[in-house]
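Just so it is clear, the structure is predicted and the values come from calculations on it, not from any experiment.
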Amino acid sequence: MHTGLLTCSPETSLREAAERMASRQCSSILILEHDRAVGIWTERDSLKLDLSKPACLDVPIHQVMSQPVHSLHLSTPVSDAERWFRTQECRHLVVIDDQGHPVGMVSQTDMALKQGLEPYLGLRRVEDAMNMTPLILPGMMSLAKAARELLHHRQDAAVITCSAVQLGIITERDMVRVIARHNGHTPVGELASKPLLTVSPEDSLLHARDVMINNQVRHLAVLDNNKVVGLLGFREIINGAELRHLREIEQLLKERDQALHTSRLNLQLAERVIEASLESIVITDADNRIVFVNPSFTHTTGFSAEEVLGRTPAILSSGRHDAAFYQEMWKTIGERGYWRGEIWNRRKSGQLYLELLTITAIHDDNGKITHFAALFTDITHIRENEDKIRRLAYYDPLTGLPNRRLLEDRLELAICHANRSKQHLAVIFLDLDHFKQVNDTLGHAAGDELLLDVSRRIRHRLRENDTLARLGGDEFIVLLPELNEPEEASRVAQRLIETVAKPFHIGNHEFRIGCSLGVSLYPDDAGSADQLIHHADAAMYQAKQEGRNDYRLFSRDMNHQQHKLLAMETALRNAVETGEGLSVFYQPLVHRADRTLAGAEALARWHHPAFGHVSPAEFIPLAERAGLIVPLGMSLLHKVGAQQRHWLDQGLLPVPVSVNLSTQQFWQHDLLVQFRRLLTEHRLPTGLIGIELTESVLLDKPLQAVPLLYGLRELGYTIAIDDFGTGYSSLSYLQDLPIDTLKIDRSFIQRLGESRSSNAILAAVTGLARELEYKIVAEGVETEAQMQALAPYPVDLIQGFLTGRPVPAETFAREWLDSIKQSG
């Protein structure tokens, strides 16, 4: 501040005060009365005078002074003074002491000169602070009018165009200087300060301030390409510095607040993540003392935070890992900064659990370890599930035995070992006999119990290093490694047959079953796992074909037979799909009395380009094993229906043709729908197609068979029991079934006359059928002697080679149906 105050009394004339201000180059004069500041008159106030009247300067100063006087205490911070200048729009402040006496004056110029803004001014450019709209007045304008323009535009200086090539400047201070000596009509061009001092917009504010100080001026014009683009005074410097300073402070405060807010949010987020984390978290100090645990730790271990804080993680030790394990773990942490692995620990309850653990060392800025952070997850259930999945992948879920996949792995290893040690090994393929009958009779639960008993019995008869595997259903495979001689496999196979043949007790039922075994040897029969299993399967199939409950050793002939069966099955499947090679032959049924045609039986025939004529005794069982018997049967039925339609369209008189139905075909859920569609599709009248069923079909489920048979009768189909007399059940079922015909099995016919028992059985069967009003057919009549032997018995119809062999449809029509047409 200025301590040498310029003062005057209230009665001092304005002219005198102006002259004193001009001589002292002061921007203000303080009016005192009894040592109290009662007003102030400044350069800005001079602009308010009516300079067009010379007497305006002869009035006492108290009439034009500004009041009240703005003052600040001596101890007021400079920043408050800056704020006062900016908010009150004044440029002078009186500094007072504790008693209120003025001790000095401070102005905006003082702030610019003495505040210590050099670092700021050195970085800022003139264009950042200058007045962008400078007031430019013509030199011919009067002093009075120029003063009014300055006041009106709230400017403290104006650029004066003194001539076309010369510029000057007039300021508030100039006004104070000139008003005392010049009247208001004086052109300002004569009073302006010349030459005009200028700076560039690119100059620093520090340079501009130094120019003003050195030239003892308070304003500079800013020239850009010889054009005035702005004015710069101490007020602009102060205002720019203050504004910039405030903006920087505001920006710093804003950034600080944002950083604090972000930090607080991040901290809250981290806390919530840690609290909600499914991973257990433990933090220890450098001495491995626990300082923090999260809720997941308590949930996993059972220990609360209060129980573990201050203790070491050894509280969780399971005892499963030795000291060397932990030494290696800490060594890894020291070398790498972290350790990750699986470790067994113990819960508070004492229960062991497996965890996946990660321990990380935390360092300070100097690289010193301050804490250890441990994150772990309970993976006990994961390992248990993996074990379950592994067992499902490699073990049979019912018996717990190895499945085919694990067996093949072990068999591959056994082959490699046998090859190195020059030993034999054997594969035994075991299939239970009549297992389906147990399932169908006692239920699948009993069947499962039987499989468990069989697996236990077999394992007890094997060596420790032998493998028993279940392929599925009732099929098992036994791997016998390290055999010194091939005969050992035969002895084991015989032992297995004997142990399976013993009685089984399931629930209240006691029964026996057998098993069929096939044996293949390495290296005699095959060199790979697949071939050994395949050859053992072929040998087992041979054992079943030759009587069951026995074993067979694989031979090359079996392999050839298996290949033939496979090829034949493929060919039969193609034949069923396309119908090529399949045909129907017709064998006549004749009246015994006059040997005239009464009907026919349709018999399937198959001819293949490679296999030739295949016997029904060979391809019918093959169709049953391959699951082709149902489509094969339906194909033959439609061939018969189409043939009957063809004979009708030719004007022939067809006779009823009976067709054999297999068990699978009879028990189809839509049997009646298919037989109704057969009649509709071929437009057949009723009575032209009959159905033949064996006793076994009806005896399996007699109660369920009754409504099906009645349904077929209602559609117009006749029903015959084929091979009658070979069943093992009571004949009482006959009285409940809607049957038309009984066909006596050929075995009874062939034994006629050989023994009294055969004649007695035939008499009983035919007598029973006659009483039930059934037609009786004698099958397999091949000689006249057999025909004569049937004379005593009530037989209606004859079928056999004696009366007619099976022939194609054309031959049958020519030999039998034509004669009917002619006779008709």
> Are the side chains of Ile31 and Thr12 in touch, meaning some heavy atoms are under 4.5 Å apart?
no

> From Thr370 OG1 over to His363 NE2, what is the distance, rounded to the nearest 0.5 angstrom?
8.5 Å

> Is there a side-chain contact between Leu223 and Val228, using heavy atoms and a 4.5 Å cut-off?
yes

> So, for Ile61 and Ala17, which heavy atoms are closest and what is the spacing to 0.1 Å?
CD1-CB, 3.5 Å

> With a 4.5 Å heavy-atom cut-off, do Thr300 and Arg347 have their side chains touching?
yes

> Report yes if the side chains of Met141 and Ile170 come closer than 4.5 Å at any heavy-atom pair, otherwise no.
no

> What are the two closest heavy atoms between Asn345 and Ser317, and how far apart are they?
OD1-CA, 3.9 Å

> How far apart are the C-alpha atoms of Arg340 and Leu356, what are their side-chain angles, what is the distance that settles it, and do they pass the side chain to side chain contact (heavy atoms under 4.5 Å, CB included) test?
CA-CA 7 Å; Arg340 181 178 177 85; Leu356 179 61; 3.2 Å; yes

> Spell out, as yes or no, whether a donor-acceptor pair under 3.5 Å connects the side chain of Glu307 to the backbone of Ser304.
yes

> Has the side chain of Thr198 got a donor or acceptor atom that lies under 3.5 Å from a matching backbone atom of Val222?
no

> Going through the distances and angles, do Leu150 and Leu135 end up as a side chain to side chain contact (heavy atoms under 4.5 Å, CB included)?
CA-CA 8 Å; Leu150 285 172; Leu135 181 60; 3.8 Å; yes

> Is any side-chain heavy atom of Cys8 less than 4.5 Å from a side-chain heavy atom of Glu16?
no

> Under the 3.5 angstrom rule, does the side chain of Ser200 hit a backbone N or O of Glu202 as a donor-acceptor pair?
yes

> Would Trp330 and Phe372 count as a close aromatic pair, with their ring centres under 6.0 Å?
yes

> Side-chain contact, heavy-atom cut-off 4.5 Å: Val229 with Glu127?
no

> First locate atom OG1 of Thr284, then atom CZ of Arg311, and finally report the distance between them rounded to the nearest 0.5 Å.
15.0 Å

> Using 0.5 Å steps for rounding, measure from the CD1 atom of Ile29 to the CG atom of Leu6.
4.0 Å

> Working to the nearest 0.5 angstrom, can you tell me the gap between Glu19 CD and Leu14 CG?
10.5 Å

> Between Asp322 and Phe325 (side chain of the first, backbone of the second, donor and acceptor by atom type, cut-off under 3.5 Å), is there such a pair?
yes

> Would the distance check show the side chain of Asp285 and the main-chain N or O of Asp287 forming a donor-acceptor pair, the cut-off being under 3.5 Å?
yes

> What's the spacing between Arg209 CZ and Asn214 CG if we round to 0.5 Å?
10.0 Å

> Rounded to the nearest 0.5 Å, how far apart are OG1 of Thr360 and CD1 of Ile369?
11.0 Å

> Evaluate the side-chain proximity of Thr161 to Leu167: yes if any heavy-atom separation is below 4.5 Å, no if none is.
yes

> Under 3.5 Å, is there a donor-acceptor pair between the side chain of Asp378 and the main chain of Thr380?
yes

> Under a 3.5 Å cutoff, is there a donor and acceptor pairing between the side chains of Ser296 and Asn294?
no

> Could you give me the CA-CA distance, side-chain angles and deciding distance for Arg289 and Thr312, then say whether side chain to side chain contact (heavy atoms under 4.5 Å, CB included) is met?
CA-CA 5 Å; Arg289 297 287 176 180; Thr312 68; 3.6 Å; yes

> Can you label the angle between the Tyr353 ring and the Phe376 ring as parallel, tilted or perpendicular, going by 30° and 60°?
tilted

> Answer whether the closest heavy-atom distance between the side chains of Tyr395 and Asn403 falls below 4.5 Å.
no

> Using distance alone, with no hydrogens and no angle criterion, decide if Arg346 and Ser318 have a side-chain donor and acceptor under 3.5 Å apart.
no

> Step by step, work out the side chain to side chain contact (heavy atoms under 4.5 Å, CB included) result for Leu197 and Ile169.
CA-CA 9 Å; Leu197 297 178; Ile169 189 170; over 6 Å; no

> Just by distance, do the side chain of Asp210 and the backbone of His207 share a donor-acceptor pair under 3.5 Å?
no

> Ala157 and Leu231: which non-hydrogen atoms are nearest, and at how many Å?
O-CD1, 3.7 Å

